[in-house]
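Throughout, protein chains are lettered first and strands after them, A, B, ... in sequence-line order, and every chain is numbered starting at 1. This structure is a prediction, so every number in the text was calculated from the model and none was measured.
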Amino acid sequence: MTTRGIEWPASTAEAVAEQERLRDLVDLGAAGPDPAAGGTVAGVDVAYDENSDRLAAAAVVLDLATLEVVEQATATGRAAFPYLPGLLAFRELPPVLDALDRLSARPDLVVCDGYGIAHPRRFGLACHLGVLTGIPAFGVAKTPFVFDHEEPGPRRGDWTPLLDGDEVVGRALRTQESVKPVFVSVGHAITLAKACAHTLRLASRYRLPESTRRADRLCRDALAAAVAGGSRTPLTGA
DNA sequence: GCGACAG
DNA sequence: ATCTTGTCGC
């Protein structure tokens, strides 16, 4: 199957093979963009409509220094892959890449709603997006997935390692006092410490980064608009 | 074999 | 992800 002009897996076996092929291209050495250096950061997210298998993605770009919104874009489409734990990228990436393509300028950093290296095969959504676009990326997830962690301290900024056995794959990071931690992992071309620093800056008021909160709202709106006005589902005729 | 399982 | 009432707290 072909999506966005590139070959896309049609089975779980092909998807797994693709992850194992691409994972060696992940850059774990680069420091990544620094907030003080200027530039932009984009938050991306996807919303689904269970009845029509339609989905909508959004990319919201913030100024890295001021955190002001500078641009945003959306893309809608049809789910081309089911949700399977460990294969999330094959479901979400097509519309996300479309939304990123619609921006006037490529961002210097992307924050994903999910995991990066914290993944059964060390190639989660944020790694996949980073390798395909070449843009530094990391993931901020809301649940521990299959990993272990100790409860971080109660204060904003407190963290504990996220572990896969004895291997550190990310951090459980407290972004707000007495609020559940988020789970940060490196995706591509950025350091874990720097990814956490960006996460804290972006989550100055709420649990989740402002970038993903904005993207979440935008893709929901885009989906609602697509379901309401977009192409009709051929169930009732007309 | 049975559960768990990013979104 | 999405479905959902009430409830607690600033």
For [X] and [N], give me the distance from atom [atom1] to atom [atom2], rounded to whole Å.
{"X": "A:R220", "N": "C:dC3", "atom1": "CZ", "atom2": "C1'", "result": "11 Å"}
{"X": "A:F81", "N": "C:dA1", "atom1": "CZ", "atom2": "P", "result": "20 Å"}
{"X": "A:L208", "N": "B:dG7", "atom1": "CG", "atom2": "P", "result": "9 Å"}
{"X": "A:R78", "N": "C:dA1", "atom1": "CZ", "atom2": "P", "result": "21 Å"}
{"X": "A:L125", "N": "C:dA1", "atom1": "CG", "atom2": "P", "result": "13 Å"}
{"X": "A:D49", "N": "C:dC3", "atom1": "CG", "atom2": "P", "result": "9 Å"}
{"X": "A:F147", "N": "B:dC5", "atom1": "CZ", "atom2": "P", "result": "12 Å"}
{"X": "A:L87", "N": "B:dG7", "atom1": "CG", "atom2": "C1'", "result": "12 Å"}

Quick one: CG on A:D164 to CG on A:D148, what's the gap to the nearest 0.5 Å?
-> 8.0 Å
Calculate, to the nearest 0.5 Å, the distance between atoms CG and CD1 belonging to A:D34 and A:I190 respectively.
-> 9.5 Å
Heavy-atom count around A:R106 CZ within 6.0 Å, excluding the residue itself: above 12?
-> yes
In this structure, which one of A:L132, A:L88, A:T133, A:V44 forms a side chain to side chain contact (heavy atoms under 4.5 Å, CB included) with A:L93?
-> A:L132
N or O in side chain of A:K142 less than 4.0 angstrom from B:dG7 OP1/OP2 | yes
Closer than 4.0 Å, any side-chain N/O of A:T143 to the OP1 or OP2 of B:dC5?
-> no
Any idea which heavy atoms bring A:A222 and A:T76 closest together, and the distance?
-> O-CG2, 4.2 Å
Of the candidate nucleotides B:dA6, C:dA1, B:dC5, which contains the atom at the shortest distance from the side chain of A:L88?
-> B:dA6
Side chain of A:H119 - closest among B:dG7, B:dC5, B:dA6 = B:dA6
A:Y48 ring center near A:Y83 ring center (under 6.0 Å) = no
Looking for any heavy atom pair under 4.0 Å, which part of the strands does [X] touch: base, sugar-phosphate only, or nothing?
{"X": "A:Y115", "result": "base"}
{"X": "A:A118", "result": "nothing"}
{"X": "A:G139", "result": "nothing"}

A:T143 side chain reached by A:K180 side chain, heavy atoms, under 4.5 Å = no
Is_stacked (A:Y83, C:dA1) at 5.5 Å, 30 deg | no
Can you tell me which stems involve DNA chain B, if a stem is defined as three or more consecutive Watson-Crick or G-U wobble pairs, both distances under 3.5 Å?
-> none
